[in-house]
Amino acid sequence: MTDSSAYTLSNLVEELRWRGMIHDMTPGTEEQLAKEKTLGYIGFDPTARSLHIGNLATVMLLVHLQRHGHQPIALVGGATGMIGDPSGKSAERNLLDVETLRENQEGVRQQLEKFLDFKASDNPAIMVNNYDWFGQIGFLEFLRDAGKHLTINYMIAKDSVKKRLETGLSFTEFSYQLLQGYDFYHLYQHQGVKLQMGGSDQWGNITTGTEFIRRKASGGRHSGEAYALTAPLITKSDGSKFGKSESGNVWLDAEMTSPYKFYQFWLNVADEDLSRLLRVFSLKTQEEIEALEQLPNPNEAKRALAEELTTRIHSAEDFENARDASTILFGNAALERIQRIDEKTLLEVFEGLPQETISRSEYESAGNVVDLLSETTHQLVFKSKGEARRMIQQGGVSINKEKITSTNAEATFPLLQDKYLLVQRGKKNHYLVRVVD
RNA sequence: GGGGAGAUACCGAAGCGGUCAAACGGGGCAGACUGUAAAUCUGUUGGCUCAGCCUUCGUAGGUUCGAAUCCUGCUCUCCCCA
């Protein structure tokens with residue numbers, strides 16, 4: 001990949017390798033991808049109404065596939081989502097109800113559309129839902145048609161199953177790999193899909209598919225050749241799980257994780273993880289990424305990564321607001337700078353902050369800062385007065401960028417725009433209090 | 001079914017009649033140092049009208065001037081034997 005314009009069928013694997021996105025491939029995968037335009041798919045089960053950045057890594061596999069001229073298919077698991085994948089799960093899962101699943105499918109579908117080009121002339125991305133074929137199949141039909149081709153012995157040997165044999169695994173979850181295998185077969189038969197990709201935890205399920213195809217389809221008009229490629233799970237240098245912030249999963253849905261938080265997540269990535277994340281998530285060229293990696297101050301590279309992803313997943317405007325909010329909240333920008341911002345911008349910029357609205361009389365009746373930051377603002381900042389007191393004594397609280405020095409300070413602070421208070425707890429936690437008449 | 005051990009704050013774990021709002025470790029939070037990083041150091045980690053008071057040690061009672069600590073019932077967990 002020395003020439004950034006050289007996206008060819010054949011160097012896809014080369015690029016993925018450089019990006020550290022290949023964990024495992026079945027033999028012949030690289031040759032297949034070099035030989036011809038190949039249809040490849042990844043399945044996403046609609047377990048939530050949004051994807052999170054943990055899913056993003058595999059989405060990127062599809063993106064690269066398409067950029068190199070192959071044809072990506074995103075499969076939404078309307079059917080498999082009803083079953084529950086035992087891979088990587090230590091206990092039986094609760095089933096989602098049909099209504100929730102339907103909503104989730106729609107959300108996931110919309111998000112995938114942001115990454116893939118469904119209008120490309122040569123290799124438009126395709127979206128399929130496995131409920132479309134599973135919904136029609138009867139149980140007996142499925143047992144005769146699919147179940148006959150794999151042995152229990154084979155299925156039990158899978159890691160995801162073996163690990164659960166001790167603690168228990170329902171027949172439903174046990175069947176999951178057969179469904180996923182059948183998906184692959186179905187796409188192979190009907191659309192000529194030859195490749196399935198996914199995270200490394202999916203290896204077992206994916207190879208059930210290649211095996212299934214080999215046994216069922218070979219000898220006919222198809223060769224029975226199908227391939228698997230998995231990407232390593234993203235790990236963090238400190239051992240904690242990637243994709244979680246202190247407040248939980250980082251979602252792609254702006255309602256669930258604000259663009260501001262999303263932007264902040266990437267800025268706060270550990271130095272040691274930065275290079276790997278750039279390679280997996282950035283669509284910049286190898287030269288550009290290597291240049292970023294060389295920078296003496298890793299923050300610049302983090303900012304570039306944060307900008308690229310916030311823009312792609314949300315919008316240029318969301319990115320600008322997140323960036324502006326960050327400069328104001330973390331920079332040395334003095335009080336006058338914030339006071340000068342007009343109300344509309346202020347609200348836009350601080351949209352992602354936790355907020356609470358109180359009435360002017362409530363504000364005026366607060367005895368001191370401690371009351372204001374706990375009771376009066378309905379536990380937005382502190383859940384008890386003791387906590388507020390402690391934090392102030394430790395010098396961790398600022399209002400409108402000014403440090404609070406005494407717990408007895410009167411609660412009379414100049415409101416921004418005659419309405420807002422910007423409260424800071426520690427270095428990274430900001431809150432917006434709105435006072436209304 | 002028989003025998004034994006245990007249930008302590010976010011987690012692990014001390015305490016075994018007053019000096020216990022409860023050692024210690026982890027985690028969390030904050031401060032210093034920095035780069036909104038890591039490492040390190042420091043403080044903090046039930047509530048309040050905060051140098052004082054109130055409510056906490058599985059649960060319900062009891063003994064005692066006084067109980068996390070002793071007694072009884074109940075619930076749950078673990079181990080050993082059948």
Side-chain angles (χ1 to χ4, degrees), chain A residues 166-167 234-248 250 257-278 281 292-310 319-334 337-338 349-350 352-354 365-399 401-411 422-432:
Chain A
E166 291 278 315
T167 52
I234 297 183
T235 53
K236 291 211 307 187
S237 51
D238 64 3
S240 61
K241 199 177 170 207
F242 171 77
K244 300 250 184 190
S245 71
E246 53 293 350
S247 46
V250 177
T257 299
S258 70
Y260 167 75
K261 275 198 143 173
F262 184 85
Y263 178 77
Q264 283 287 324
F265 173 83
W266 296 103
L267 281 194
N268 285 310
V269 142
D271 288 5
E272 298 73 53
D273 297 330
L274 178 61
S275 167
R276 287 208 320 281
L277 296 177
L278 271 170
F281 292 110
L292 287 173
E293 289 170 353
Q294 300 308 315
L295 292 174
N297 184 347
N299 279 359
E300 269 181 68
K302 288 182 197 175
R303 271 194 288 272
L305 181 63
E307 171 176 352
E308 182 182 345
L309 293 172
T310 309
F319 153 67
E320 280 162 25
N321 285 336
R323 183 200 52 199
D324 291 349
S326 301
T327 5
I328 293 169
L329 297 177
F330 290 98
N332 300 322
R337 165 111 189 258
I338 313 173
V349 167
F350 295 145
L353 300 185
S365 61
N368 55 35
V369 229
V370 172
D371 289 343
L372 177 70
L373 295 181
S374 53
E375 249 170 35
T376 312
T377 47
H378 317 299
Q379 280 77 43
L380 171 72
V381 187
F382 296 109
K383 52 183 191 303
S384 77
K385 293 184 186 178
E387 195 183 349
R389 207 171 280 124
R390 208 182 301 128
M391 219 56 98
I392 289 169
Q393 278 159 2
Q394 292 184 123
V397 180
S398 297
I399 290 182
K401 304 289 283 183
E402 309 237 328
K403 187 157 281 190
I404 305 300
T405 48
S406 157
T407 52
N408 300 319
E410 281 182 50
L422 187 61
V423 184
Q424 183 171 357
R425 198 200 84 217
K427 206 172 291 184
K428 294 185 181 178
N429 308 291
H430 303 268
Y431 306 86
L432 190 65

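Per chain, numbering begins at 1; letters A, B, ... match sequence-line order.
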Tell me whether the side-chain N/O atoms of [X] come closer than 4.0 Å to OP1 or OP2 in [N].
X        : N     : answer
A/Ser384 : B/C48 : yes
A/Lys385 : B/U49 : yes
A/Asn429 : B/A30 : yes
A/Arg390 : B/G47 : yes
A/Lys403 : B/A30 : no

Closest listed nucleotide, where the reference is the side chain of A/Asn297 and the choices are B/U36, B/G35, B/C29
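Per side-chain heavy atoms of A/Asn297, the pick is B/G35.
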What integer number of Å spans the P atoms of B/U8 and B/C54?
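26 Å, rounded to whole Å.
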Rounded to whole angstrom, note down the C1' distance from B/C57 over to B/A7.
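Each nucleotide's C1' atom is 10 Å from the other's.
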Who pairs with B/C76 - Watson-Crick or G-U, where each distance is under 3.5 Å:
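In the structure as shown, B/C76 has B/G6 as its Watson-Crick or wobble partner.
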What is the nucleic acid contact for A/Gly386, judged by heavy atoms within less than 4.0 Å: base, sugar-phosphate only, or nothing?
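It contacts base atoms.
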Using heavy-atom distances to pick each residue's nearest nucleotide on RNA chain B, tell me which of A/Asn299 and A/Gly426 is more 5'.
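So the residue in question is A/Gly426.
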Which is more 5' along RNA chain B, the nucleotide nearest A/Arg303 or the one nearest A/Gly396? Just name the residue.
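On the 5' side of the pair lies A/Gly396.
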Of all heavy-atom pairs between A/Lys302 and A/Ala270, which one has the smallest distance, and what is that distance?
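Answer, listing the atom of A/Lys302 first, then A/Ala270: NZ-C, 4.4 Å.
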Ignoring hydrogens and geometry beyond distance, is the side chain of A/Glu387 in donor-acceptor contact with the base of B/U45 at under 3.5 Å?
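It does not, because no donor-acceptor pair links the side chain of A/Glu387 to the base of B/U45 below 3.5 Å.
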On the side chain of A/Lys427, is there an atom forming a donor-acceptor pair with the base of B/U34 - under 3.5 Å, no angle test?
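By the distance-only test, yes, there is a pair.
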Please determine whether the number of non-hydrogen atoms from other residues, nucleotides or ligands lying under 6.0 Å from atom CD of A/Gln379 exceeds 12.
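More than 12 heavy atoms, drawn from other residues, nucleotides or ligands, come within 6.0 Å of this atom.
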Donor-acceptor under 3.5 Å (A/Arg303 side chain, A/Arg323 main chain):
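No; judged by distance alone, with no hydrogens or angles, the pair does not exist.
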